[in-house]
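Since the structure comes first, as structure tokens, the remarks are kept for the end.
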Protein chains: 2
Amino acid sequence: MNFQKRKQKILEQLNAHGEVDIKQLAAGLAISEITARRDLNQLASDGLLYRTHGGAMKVNPFEKPHDFINKAAKNPEAKDNICRVAAGQICDGDIIFMDCGSTVFRLCQFIKNKKIKVITNSLPVIYELQNCAVSLNIIGGEFDSERQAVHGSMAGEHISKYRASKAFLGVDGISVNGLFANTENEAAITTTFANNSDYTYLLCDASKIGKESYLRFADLDLIDAIITDADGGKLEGFEDKGMVILNVN
Amino acid sequence: MNFQKRKQKILEQLNAHGEVDIKQLAAGLAISEITARRDLNQLASDGLLYRTHGGAMKVNPFEKPHDFINKAAKNPEAKDNICRVAAGQICDGDIIFMDCGSTVFRLCQFIKNKKIKVITNSLPVIYELQNCAVSLNIIGGEFDSERQAVHGSMAGEHISKYRASKAFLGVDGISVNGLFANTENEAAITTTFANNSDYTYLLCDASKIGKESYLRFADLDLIDAIITDADGGKLEGFEDKGMVILNVN
DNA sequence: TGAAAATGATTGTTTTTGATTGATATTGAC
DNA sequence: GTCAATATCAATCAAAAACAATCATTTTCA
């Protein structure tokens with residue numbers, strides 16, 4: 001058991017319990033207390049933990065684990081069906097916007113071999129597409145670690161410099177009354193993407209249709225088409241308003 | 001059993017268990033410990049594993065799909081020493097630029113708990129810092145998948161909108177004649193970062209000092225200080241030109 | 001066969017670890 | 001608050017393990 005391995009274990013334990021104790025460490029790792037102390041001191045001098053009497057604590061107790069790709073996707077089959085249809089709308093040569101919705105993210109797997117340019121503010125999308133045929137542009141600005149995406153005024157400004165042929169976006173909710181978001185930042189980005197593309201698709205599974213969350217940020221006419229797995233009943237009224245509905249079933 | 005075959009086995013075992021032990025390796029492959037050591041050293045210098053006392057570990061225990069990490073693993077001790085010094089130069093409240101050099105990347109681990117703002121064009125840096133105390137800004141523009149970073153004219157424009165207190169940059173080579181890069185894009189980004197920060201540190205290990213690659217893109221006075229593990233001989237002439245040298249040994 | 005490369009043995013050096021000792025910090029009783 | 005008891009710490013030293021360097025031996029390949 002060398003230092004590197006111990007360092008790993010100590011940081012693991014620290015992450016799990018928020019604190020470690022020298023005696024427990026020494027016992028658990030089969031090392032002397034003095035070595036445990038040395039380890040903690042070194043880690044502390046690198047700023048990786050906070051040394052206390054008899055042990056150590058996490059420096060930043062609020063740090064979240066590194067869950068990069070959102071695997072907690074709800075009903076992935078429906079979303080994949082939506083994305084298959086969406087991918088069918090994309091031609092080689094297209095310049096497309098993709099935002100940071102969880103459904104939009106699943107579109108990546110279907111467009112890896114297309115000769116297109118993707119402009120996005122979503123870190124997972126960037127990661128997914130970075131080594132394939134598509135050419136990537138990244139929206140710059142403040143990074144929101146909660147949503148793993150870039151937002152803010154600089155981002156909006158940046159988006160406005162581009163013009164896309166198609167945009168594929170998500171929302172938190174949509175009803176005949178308009179589009180709904182959870183945060184103002186999200187709303188601003190969505191609006192800007194839509195305003196700078198020739199044709200805007202909304203990707204949303206059935207659970208989003210009819211949902212009105214706290215911020216109504218745009219009229220329905222911001223977007224041109226909805227790609228969804230929802231059926232007839234839920235979609236009543238949308239087509240009357242000139243919306244194109246692409247049903248995936 | 002030749003080296004190639006052993007190399008394969010070692011990497012296999014490393015992948016399976018995350019670490020290898022010299023004694024076990026020697027016994028398992030029917031070679032002397034000294035040969036095992038030699039093998040591990042060679043693999044380490046190729047960046048394929050991380051050498052430890054008595055064995056070796058996987059380069060990065062967290063699965064990272066891209067080989068960027070590998071470059072970062074070439075003589076990691078020297079680079080880590082450089083980064084420790086660099087981290088020591090950073091104060092809470094600083095706004096810092098970080099570019100896409102492999103040494104610069106290793107700085108991440110030492111600044112995770114600092115209360116600073118990091119502005120970067122490097123995807124690995126973003127990935128590494130996305131869930132910690134630092135606040136992140138991403139430079140937008142064209143994405144270069146080779147270097148896993150953003151570059152191009154839009155990126156330069158974007159950088160110019162920010163002003164940092166300190167910049168931590170890498171280069172391909174540096175001599176008393178100036179700074180050298182491999183590509184014009186890289187050179188442009190480096191220059192822009194340096195021009196928009198109050199104080200610019202160059203992080204470079206000994207192999208970069210004195211090296212002159214094909215594109216000389218700036219005079220020495222673009223940067224303020226060099227942090228390096230190189231010793232006296234190689235550094236002759238730099239201090240005469242007003243350069244601050246922070247030696248890590 | 002002979003030169004070059006790879007391997008192994010030997011040597012002394014460096015790194016890592018643990019033990020000891022005296023100093024310092026923490027705790028609880030007063 | 002003071003004091004003593006206890007725990008933790010830093011510093012120094014010694015032992016063990018791992019290491020690098022050198023040289024001899026074996027293997028490889030032309």
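In this text, all values refer to a predicted model and were calculated from it rather than measured experimentally. Below, all heavy atoms of this structure are taken into account, side chains as well, without hydrogens, waters or symmetry copies. Note on naming: letters A, B, ... go to the chains in the order of the sequence lines (proteins, then strands), and numbering restarts at 1 for each one.
- Between the CZ atom of Arg51(A) and the P atom of dT26(C) there is a distance of 12 Å, rounded to whole Å.
- Distance Arg6(B) CZ to dG8(C) C1': 12 Å, rounded to the nearest Å.
- The side chain of Arg38(B) contributes no N or O atom lying less than 4.0 Å from OP1 or OP2 of dA5(C).
- Side-chain atoms of Gln109(B) and Asp46(A) form no donor-acceptor pair, as typed in the model, at a separation below 3.5 Å.
- Rounded to whole angstrom, the span from the CD atom of Glu33(B) across to the C1' atom of dA9(C) amounts to 12 Å.
- Per the geometry, CD belonging to Gln24(B) stands 16 Å off P belonging to dA17(D), to the nearest Å.
- The side-chain heavy atoms of Val118(A) and Ser135(A), taken from C-beta on, include no pair separated by under 4.5 Å.
- There is a side-chain donor-acceptor pair under 3.5 Å between Asn2(A) and Thr52(B).
- Backbone-only engagement by Asn41(B) is indicated by non-hydrogen atom pairs under 4.0 Å involving sugar-phosphate atoms exclusively.
- For Thr35(B), a side-chain nitrogen or oxygen approaches OP1 or OP2 of dG8(C) to under 4.0 Å.
- To the nearest angstrom, P of dA10(D) lies 11 Å from CG of Leu40(A).
- Each of Gly55(A) and Ile34(B) lies near DNA chain D, and the nucleotide nearest Gly55(A) is the one positioned closer to the 5' end.
- Side chains of Lys23(A) and Glu33(A) form a contact here, defined as non-hydrogen atoms less than 4.5 Å apart.
- When rounded to the nearest whole Å, the span between CD of Gln42(A) and P of dT15(C) equals 13 Å.
- For the OP1/OP2 pair of dT8(D) and a distance below 4.0 Å, the side-chain nitrogens and oxygens of Lys23(A) include at least one atom meeting the criterion.
- Among dC19(D), dT10(C), dA25(C), the nucleotide with an atom closest to any side-chain atom of Arg37(B) is dC19(D).
- In terms of position on DNA chain C, the residue among Phe3(A) and His53(A) whose nearest nucleotide sits closer to the 5' end is Phe3(A).
- Spacing between atom CD of Gln4(A) and atom P of dT17(C) amounts to 9 Å, rounded to whole angstrom units.
- Rounded to whole angstrom, the span from the CG atom of Asn2(B) across to the P atom of dG8(C) amounts to 13 Å.
- Using modelled atom types, one finds a donor on one side chain and an acceptor on the other under 3.5 Å when comparing Asn81(B) with Arg84(B).
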